[in-house]
Structures are given as C-alpha cells and as structure tokens.
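Each remark here refers to the structure printed beneath this line.
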Amino acid sequence: MDTTLQKTALITGASKGLGLALATALAQKGWKLLINARNAERLYKVQQELLKYTEVEAISGDVIDEIHLLQFPDRIAKWGGLDLIVNNASSLGMSPQPHLLDYPIEVIHTVFHTNVIAPLSLLQKVKNYLKSNAKIISVSSDAGVEAYAGWGAYGASKAALEHLSHILAVENPQWKVYWVDPGDMRTDMHQAAFPTEDISDRPLPEKSVPGFMELIEGNHPSGRYVSQQLIADLMMVR
Ligand SMILES: NC(=O)c1ccc[n+]([C@@H]2O[C@H](COP(=O)([O-])OP(=O)(O)OC[C@H]3O[C@@H](n4cnc5c(N)ncnc54)[C@H](OP(=O)(O)O)[C@@H]3O)[C@@H](O)[C@H]2O)c1
C-alpha cells in the first residue's frame, strides 16, 4: 500500500466493546491506528490481533491522565497527519447508578473528566496534526438527551460532550465534528448500567459500526447522528 494515502485514526477505549469493533473495521480497511485503554494486557492482545491487517500503535493509560495524553502527539508526529479521532472511552460512573442527590461528588468529577474534559484535552494536544478535512467523532448516548432517573452523572456528561462537540463544529468548520448515539449495545458498560438484567437480547457493538462507517466514509455535515438511523437510511437507499 502507498503509505502516503493510508488513512490514520486515533481511537480511545479500543480494547473491547464499540471501540474494538470500530478499530477492527478500520484495520480491516487498512487504516493505520493509534489505540488506547487502561488495561495494558488486553490492549496489547488487541494490538497483536489487529496487526494482522494493518499498522497499529497502542499506548495504555487513562484518558484523564494528562501525562498519558501528552504521549499521543509524539506518536502521531511521524505519521504526517491524522484523518480521524474517535472519542469512545467513557465512564458510566457507579453501578448501580445512584440518583443525583445521593451521587458521590468525587465520582461525578471522574465521570465528567473522562467523558467531557478528556476528549477536549486530547484534541488540544493533537490538533496540529489533524488534517484540514479530518473528522472528530465523539460517542454519546440517548442518555445525553433523555432524562432517565439514575442516569444523572453519565447523562449530564454526555449532554455536555454533545454541546462541546457542537461548539467545536462551529469554531472549526475545516473539520467534520460528529456526536453520535450508538444505541444499546451488549457490552461491559451496558451490563454495568443494568447490573441485575440479562442483556443478551441487546445487539452486539458490531451492529452499530455501519452507521459510524457511513460518517467516516461519507460526506455528512457536522452534527448529531444516531447510528441506527444512519443504518436504516442506508437500507432505504439500497
Ligand atoms: N453499551 C451501550 O449500550 C452504550 C449505549 C450508548 C452509548 N455508549 C457509549 O459507547 C462508548 C463505548 O462503550 P462500550 O459499551 O463499548 O464500553 P466498554 O465495552 O465498557 O468498553 C470501554 C472501552 O474504553 C476503555 N476505557 C474505559 N475507561 C477508560 C479510560 N478512563 N481511559 C482509557 N480507556 C478507557 C475500556 O478499556 P479499559 O477498561 O481497559 O480502560 C474499553 O476499551 C462509550 O462512549 C459509551 O458511553 C454505550
């Protein structure tokens, strides 16, 4: 492959769930990847698996750790630019989720740091490497729009992530900025959100991937998208 044409992506939280599904889909299409997650062993295994398809760099660490985030630009500097950032790593907060009046404030700090401040901090650190037509995808949730009891910390953080993304889109028309509801997915985070429920009827994260690929490969304007709606629209066109 001509490496000057190779597309490049940074995906946070790519060791399982939706992040892994997206990383796998992009790797299979030959994208060069930089991935992260906290659990180094699991991340390393994912890196080894994806190396079958493409070039993959992995840095383990917590997105709320500024020293960790500062390592990203050095890795990307060698690449000659970044086409895509997927802010996927996220904190649900406590499981089960308490109502707001009983929610420990220190946990709310971590939820907002992980879900809102870290994506912005990462973007600040790598902004000089983003190509002029780069895409920034922040994974949100319907909980960022709907008011579900018990979802106050996580939901409010996703609402903040959505508004922050909207403002980034207005301030940076050279990039496409998407904030995306992936829908319910059978993942560890979903199980933590519904600790007493059998979640085996929820779709696997791979089912959400085509909606994200439509945004990544298409020419949609910046804005809020629902992955399942994008997929339904695609089916109508075919
Ligand atoms: N699952 C759903 O039903 C659902 C619905 C709506 C929206 N979402 C959103 O979809 C995205 C993916 O969620 P998921 O369900 O796929 O979650 P998941 O299966 O729990 O995977 C989360 C990934 O992020 C990593 N991660 C978590 N916290 C991190 C941190 N502080 N720093 C670095 N990496 C971190 C995890 O690895 P480590 O634990 O090793 O760090 C893992 O790779 C999230 O933004 C979530 O809010 C999910």
Side-chain angles (χ1 to χ4, degrees), residues 10-25 33-47 49-50 56 58-72 85-95 97 107 109-122 136-146 148 151 153-162 164-165 178-195 197-209 211-212 224-229:
L10 189 174
I11 307 173
T12 64
S15 65
K16 58 181 179 167
L18 177 64
L20 173 58
L22 284 170
T24 305
L33 301 180
L34 176 53
I35 56 175
N36 102 316
R38 291 165 301 180
N39 183 314
E41 208 169 319
R42 193 164 47 217
L43 184 69
Y44 179 71
K45 280 192 188 137
V46 166
Q47 182 194 26
E49 187 61 29
L50 297 184
V56 185
I59 321 178
S60 63
D62 193 319
V63 291
I64 70 174
D65 177 355
E66 286 285 305
I67 296 282
H68 173 56
L69 295 186
L70 282 165
Q71 296 172 53
F72 285 75
I85 297 180
V86 183
N87 289 307
N88 168 75
S90 176
S91 169
L92 175 73
M94 297 182 80
S95 170
Q97 299 180 86
V107 182
H109 272 283
T110 306
V111 171
F112 271 75
H113 195 164
T114 309
N115 298 355
V116 188
I117 297 168
L120 177 61
S121 183
L122 173 62
I136 300 157
I137 298 182
S138 288
V139 182
S140 188
S141 167
D142 65 330
V145 176
E146 304 293 337
Y148 302 124
W151 290 75
Y154 175 85
S157 75
K158 291 296 191 183
L161 176 66
E162 294 207 2
L164 181 141
S165 302
Y178 303 126
W179 46 109
V180 184
D181 170 8
D184 284 356
M185 300 175 292
R186 198 189 319 159
T187 66
D188 288 354
M189 178 185 282
H190 197 86
Q191 186 65 75
F194 300 96
E197 272 186 45
D198 173 6
I199 64 161
S200 57
D201 62 336
R202 281 24 162 223
L204 287 169
E206 284 74 12
K207 293 279 179 202
S208 273
V209 167
F212 284 86
R224 183 178 204 276
Y225 292 88
V226 176
S227 179
Q228 297 308 333
Q229 187 58 53

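Start at 1 and go down the list; that is how both ligands and their atoms are numbered.
- Within ligand 1, counting atoms from 1 as listed, the ones closer than 4.0 Å to a heavy atom of G17 are 16 (O), 19 (O).
- Regarding atom 23 (C) of ligand 1, its nearest protein heavy-atom neighbour is G13 O, 3.4 Å.
- Closest of all the heavy-atom pairs between S15 and V46 is O-CG2, 3.5 Å.
- In this structure a side-chain-to-backbone donor-acceptor pair under 3.5 Å is missing from R38 to D62.
- Of the N or O atoms in S141, none lie within a sub-3.5 Å distance of an N or O in ligand 1.
- In this structure, A143 does not count as a contact residue of ligand 1, since none of its heavy atoms falls inside 4.0 Å of the ligand.
- Heavy atoms of N36 found under 4.0 angstrom from ligand 1 belong exclusively to the side chain.
- Using a 4.0 Å heavy-atom cutoff, A192 is absent from the residues neighbouring ligand 1.
- Counting only heavy atoms of the protein, atom 21 (O) of ligand 1 lies nearest to K16 CG, 3.6 Å.
- Side-chain contact between L33 and I11 is present, with at least one heavy-atom pair separated by less than 4.5 Å.
- S15 OG, 3.3 Å is the protein heavy atom nearest to atom 37 (O) of ligand 1.
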### Query
Checking side chain to side chain contact (heavy atoms under 4.5 Å, CB included) for the pair L122/V63: CA distance, chi angles, key distance, verdict?
CA-CA 8 Å; L122 173 62; V63 291; 5.9 Å; no
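- By the 4.5 Å heavy-atom criterion applied to side chains, L161 and W179 are not counted as neighbours.
- With hydrogens left out, the protein atom closest to atom 32 (N) of ligand 1 is V63 N, 3.0 Å, a heavy atom.
- The closest donor-acceptor contact from the side chain of N36 to the backbone of G13 lies under 3.5 Å.
- Listed by number with element, the atoms of ligand 1 under 4.0 Å from a non-hydrogen atom of D62 are 30 (C), 31 (N), 32 (N).
- Where the criterion is an N or O separation shorter than 3.5 Å, residue side chain and backbone included, M185 meets it with respect to ligand 1.
- Within ligand 1, counting atoms from 1 as listed, the ones closer than 4.0 Å to a heavy atom of H190 are 1 (N), 2 (C), 3 (O).
- The closest approach between a heavy atom of P182 and any atom of ligand 1 is below 4.0 Å.
- The contact set between ligand 1 and G61, taken as ligand atoms under 4.0 Å from a residue heavy atom, comprises 32 (N), 33 (C).
- Counting heavy atoms closer than 4.0 Å to ligand 1, residue R42 contributes side-chain atoms (C-beta onward) but none from N, CA, C or O.
- The distance from ligand 1 to the heavy atoms of V139 drops below 4.0 Å at these ligand atoms: 9 (C), 10 (O), 11 (C), 45 (O).
- Not a single N or O atom of D184, backbone or side chain, sits closer than 3.5 Å to an N or O atom of ligand 1.
- Polar contact with ligand 1: present for L18 (N/O pair, distance under 3.5 Å).
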### Task
Take D142 and Y148 through the test side chain to side chain contact (heavy atoms under 4.5 Å, CB included) and record every step on the way to the result.
CA-CA 10 Å; D142 65 330; Y148 302 124; 2.6 Å; yes
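- Here the side chain of S208 pairs a donor or acceptor atom with the backbone of P182 at under 3.5 angstrom.
- Nearest approach of V226 to R224, heavy atoms of both residues: CG2-NH1, 3.7 Å.
- Scanning the protein for heavy atoms near atom 39 (O) of ligand 1, the closest one is R38 NH2, 2.9 Å.
- At distances below 3.5 Å, at least one donor-acceptor pair connects side-chain atoms of N115 with backbone N or O atoms of S91.
- Taking atom 44 (C) of ligand 1 as the reference point, the nearest protein heavy-atom neighbour is N88 O, 3.2 Å.
- In this structure, V145 and D181 have side chains that are not in contact, with every pair of non-hydrogen atoms separated by 4.5 Å or more.
- Side chain of Q191 to backbone of F194: a donor-acceptor contact under 3.5 angstrom is found.
- Screening V86, V139, I137, I136 against Y178 for a side-chain contact (heavy atoms from CB on, under 4.5 Å) leaves a single residue, I137.
- Under the 3.5 Å distance criterion, the side-chain polar atoms of S121 are left unmatched by any main-chain donor or acceptor of I117.
- If you check which protein heavy atom lies closest to atom 13 (O) of ligand 1, you get M189 SD, 4.2 Å.
- A 4.5 Å side-chain heavy-atom check between T187 and L18 finds every atom pair outside the cut-off.
- For the pair T114 and ligand 1, the shortest N or O to N or O distance does not fall below 3.5 Å.
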### Task
Just do the side chain to side chain contact (heavy atoms under 4.5 Å, CB included) check on Y44 and S60 with the steps written out, would you?
CA-CA 8 Å; Y44 179 71; S60 63; over 6 Å; no
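- Within the 4.0 Å heavy-atom cutoff, R202 does not count among the residues contacting ligand 1.
- Nearest non-hydrogen protein atom to atom 47 (O) of ligand 1 is Y154 OH, 2.5 Å.
- Residue G183 approaches ligand 1 through these ligand atoms, each under 4.0 Å from one of its heavy atoms: 3 (O), 4 (C), 5 (C), 6 (C).
- The contact set between ligand 1 and S140, taken as ligand atoms under 4.0 Å from a residue heavy atom, comprises 6 (C), 7 (C), 8 (N), 9 (C).
- Remark: distances from the non-hydrogen atoms of S60 to ligand 1 are all 4.0 Å or more.
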